[in-house]
Protein chains: 2
Amino acid sequence: MAKRLTQQDIARMAGVSQATVSLVLNNRQDGGARIAPETRTRVLEVIRRTGYVANPIARRLHDQRNRILGVFTYEAVFPSTRADFYQPFLEGIEEQAEEAGCDLLLFTSAKAAGGRRRIFSDDSRIRLADGCVLLGRTLDRGDLAQMLTEGIPFVSIGRRDDAGGPVPHVGADYPAAVCDLVDRAVALGHRRFAYVGAGKGAESSADRLRGFREAVAAHGVDGIHVPFTGLDQLLGAGVTAVLTEEVSDGAALVLAARDRGLSVPGDLSVLMLGAATRPAPDDVALTGFRIPRREMGRRAVQALTEVLERGSTPQELLACEFIEGSTLGRA
Amino acid sequence: MAKRLTQQDIARMAGVSQATVSLVLNNRQDGGARIAPETRTRVLEVIRRTGYVANPIARRLHDQRNRILGVFTYEAVFPSTRADFYQPFLEGIEEQAEEAGCDLLLFTSAKAAGGRRRIFSDDSRIRLADGCVLLGRTLDRGDLAQMLTEGIPFVSIGRRDDAGGPVPHVGADYPAAVCDLVDRAVALGHRRFAYVGAGKGAESSADRLRGFREAVAAHGVDGIHVPFTGLDQLLGAGVTAVLTEEVSDGAALVLAARDRGLSVPGDLSVLMLGAATRPAPDDVALTGFRIPRREMGRRAVQALTEVLERGSTPQELLACEFIEGSTLGRA
DNA sequence: AGCCTGTAATAATTCGAATTAGCATCTTGA
DNA sequence: TCAAGATGCTAATTCGAATTATTACAGGCT
């Protein structure tokens with residue numbers, strides 16, 4: 001348990017004061033503080049020899065930057081069930097953090113009291129980081145509000161409604177992406193649409209449904225909303241194109257339709273809205289769009305940098321990419 | 001950007017001293033410090049009203065511990081090419097860190113000067129954490145030596161040779177696992193073996209080859225070592241059982257043999273030694289063993305805790321698990 | 001009154017680094 | 001030769017919370 005070197009130790013070894021070591025380290029020339037080149041070299045030599053590094057904790061008490069970016073997720077980051085969904089975000093975050101010369105702090109210590117992590121607990125460590133990226137399909141509104149009132153710099157991945165103030169975020173432009181899909185389907189002759197999924201709760205769900213409603217209204221076509229997959233109900237309503245919030249629902253629908261001897265997309269077109277948050281069969285090449293997750297991760301870190309440097313409140317939506325697939329055809 | 005409340009602020013509001021607030025917060029009854037119930041309630045009320053949370057930075061400055069564990073990898077953690085291999089380790093690390101109430105710091109800031117991260121650079125931030133888990137197929141010997149001489153608490157995942165002193169590690173018991181495979185093959189009548197792979201460089205390679213050599217010697221059977229897959233060479237030498245260091249090599253060998261009309265395991269048995277570090281075809285159910293990666297991650301964090309608390313140098317090898325597969329049969 | 005014992009709270013110090021104010025010492029210029 | 005100005009460095013303070021040493025005061029006892 002070797003004790004960590006302090007500036008005081010370095011100072012003693014170099015025969016100078018602690019203040020001098022600090023001045024050398026920070027290369028201060030302004031403020032009337034000068035260090036002779038000879039002394040500077042001597043101090044630097046001791047530092048090089050010992051591999052001394054300033055204790056970031058102590059430093060942070062003074063500065064307002066420690067080059068540590070926090071990543072908060074309500075669930076474990078690595079476990080494999082969710083990994084496929086979260087991973088691209090994290091890739092982007094890591095990439096950009098590396099570029100910015102920052103380390104990433106994963107808040108694994110956040111007590112999972114009710115099975116779910118909490119940002120603010122008795123002993124919240126969120127302040128350890130300079131700022132924080134919040135990742136999760138839904139975020140606790142109370143937590144968001146507290147982040148805002150406490151002035152903790154953060155950026156949410158995914159658009160968020162106001163929570164006692166605008167929430168800085170980098171999201172996916174779901175309304176535009178859904179609208180694009182409806183446009184394409186209308187161009188192929190579809191006139192009766194259905195949206196399958198919650199369409200509320202998480203902003204990402206609400207945004208998709210909103211895009212759907214706006215799109216069908218703009219085209220003057222029919223669009224119904226059903227929370228759950230019901231093939232009979234859809235066919236009974238004369239629906240020819242279905243948009244499913246969940247990829248797994250879309251895949252299930254396709255399989256169910258084919259089971260019944262229907263052709264997809266001959267008799268029914270199925271469109272999926274984004275990426276799978278639950279495991280889904282991958283043998284069905286659904287038409288739909290791709291969430292730019294990696295790019296969102298990158299942009300979130302960039303946005304966080306802006307928050308830290310300028311105190312701004314960036315809000316940005318990135319475009320989704322159309323995926324051709326094979327489940328969209330003529331009505 | 002509301003300024004953060006301090007204990008001093010709380011103290012003022014409650015009409016007491018900062019010390020009293022601290023005592024109330026930490027519920028100190030020992031050490032001769034007493035707080036009247038009435039005062040305690042008053043202070044707690046102010047804390048409740050304001051939602052005050054202690055600044056963890058200041059707290060960690062006083063105690064020597066950060067409750068931050070570092071994770072160093074020479075490559076990016078998340079990117080998907082290596083993700084399949086690293087992920088289980090990280091799962092285990094995260095799990096155990098959560099249990100220990102520690103946060104994880106990923107050293108993404110480490111300069112990628114030559115494309116590869118370095119533990120020690122001009123501005124190494126390795127000391128940020130209380131201690132550190134090192135993850136990677138190979139670790140720089142110089143880096144390890146420096147970690148030892150500087151007394152930075154750490155644990156390597158994977159056995160490591162001495163580097164100017166014993167290196168604390170949690171590894172997989174490759175010699176035993178390879179030996180077990182050879183045992184099984186001998187029991188099935190195999191007498192001529194081949195080991196395909198580098199067998200040197202990384203400790204993990206060397207350990208496998210060593211296990212192989214010891215096993216064939218113990219059984220008094222033939223065992224040759226070839227660095228690369230060469231089906232003709234193997235058959236020409238009369239080999240009936242091949243152990244491949246790389247999973248992908250094993251899979252390639254099986255496919256090549258079947259291409260040539262040979263039966264696996266009828267004419268040739270193929271055994272793989274561990275997990276795929278490169279993408280490998282997954283339609284070949286190779287017989288071999290599984291590296292307990294998740295468990296290794298967990299144990300590494302536990303070992304790191306021991307290093308931190310007792311200053312010990314834990315070295316431990318975990319057993320690998322036999323995988324039945326379908327590529328081992330009678331000679 | 002004088003002394004002791006508990007009790008309740010506070011002043012002062014600590015952690016490690018950054019910063020400010022200021023003290024010596026040395027140069028210059030008149 | 002002496003004031004003015006540079007120069008080189010250090011003492012002291014700051015950050016926020018935890019801990020120690022200490023004070024203040026009440027009541028009981030002789």
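By the salt bridge (charged side-chain N to carboxylate O under 4.0 Å, His left out) test, A:Glu295 pairs with no residue at all, sequence neighbours left out. Under the side-chain hydrogen bond (donor to acceptor under 3.5 Å, both in side chains) criterion, A:Arg159 pairs with A:Asp161, A:Asp207, not counting sequence neighbours. Residues satisfying the salt bridge (charged side-chain N to carboxylate O under 4.0 Å, His left out) criterion with B:Asp130, sequence neighbours excluded, are absent altogether. Taking the side-chain hydrogen bond (donor to acceptor under 3.5 Å, both in side chains) definition, one finds that B:Gln18 meets it with B:Gln7, sequence neighbours left out. With sequence neighbours excluded, the residues forming a ring pair (Phe, Tyr, Trp, His ring centres under 6.0 Å) with B:Phe72 are B:Tyr74, listed by chain and number. Remark: A:Arg299 engages A:Gln302, A:Glu316 in a side-chain hydrogen bond (donor to acceptor under 3.5 Å, both in side chains) (not counting sequence neighbours). With sequence neighbours left out, the ring pair (Phe, Tyr, Trp, His ring centres under 6.0 Å) criterion links A:Phe154 to no other residue. The side-chain hydrogen bond (donor to acceptor under 3.5 Å, both in side chains) check on B:Thr41 picks up nothing, with sequence neighbours excluded.
Taking the screw axis at each terminus of the helix from C:dA1-D:dT30 to C:dA30-D:dT1 from five consecutive base pairs, the angle between the two is 80° to within rounding of 10 degrees.
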Please table the atom pairs, donor to acceptor, closer than 3.5 Å between any side-chain atom in residues 308-315 of chain A and protein atoms at least two apart or in another chain.
unit_1   : atom_1 : unit_2   : atom_2 : d
A:Gln315 : NE2    : A:Val167 : O      : 2.8

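Nearest heavy atom pair, residue A:Thr108 against residue B:Ala97, reads OG1-CB, 4.0 Å.
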Pairs: protein N or O with nucleotides 24-27 of chain C N or O, under 3.5 Å:
none

Collect all protein-nucleotide pairs involving nucleotides 12-19 of chain C in which both atoms are nitrogen or oxygen and the distance is under 3.5 Å.
unit_1 : atom_1 : unit_2  : atom_2 : d
C:dT14 : O2     : B:His62 : NE2    : 3.3
C:dC15 : O3'    : B:Gln64 : NE2    : 3.4
C:dG16 : OP1    : B:Gln64 : NE2    : 3.4
C:dG16 : N2     : A:Ala58 : O      : 3.4
C:dA17 : OP1    : A:Tyr52 : OH     : 2.5
C:dA17 : OP1    : A:Asn55 : N      : 3.0
C:dA17 : OP2    : A:Gln7  : N      : 2.5
C:dA17 : O5'    : A:Tyr52 : OH     : 3.4
C:dA18 : OP1    : A:Arg59 : NE     : 2.9
C:dA18 : OP1    : A:Arg59 : NH2    : 3.1
C:dA18 : OP2    : A:Gln7  : NE2    : 2.8
C:dA18 : OP2    : A:Ser22 : OG     : 3.3
C:dA18 : OP2    : A:Asn26 : ND2    : 3.2
C:dA18 : N7     : A:Gln18 : NE2    : 3.1
C:dA18 : N6     : A:Gln18 : OE1    : 3.2
C:dT19 : OP2    : A:Arg28 : NE     : 3.2

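Applying the 4.0 Å criterion to OP1 and OP2 of C:dA9, one finds that B:Thr39 has a side-chain N or O inside that range.
Separating the CZ atom of A:Arg34 from the P atom of D:dC9 is a distance of 10 Å, rounded to the nearest angstrom.
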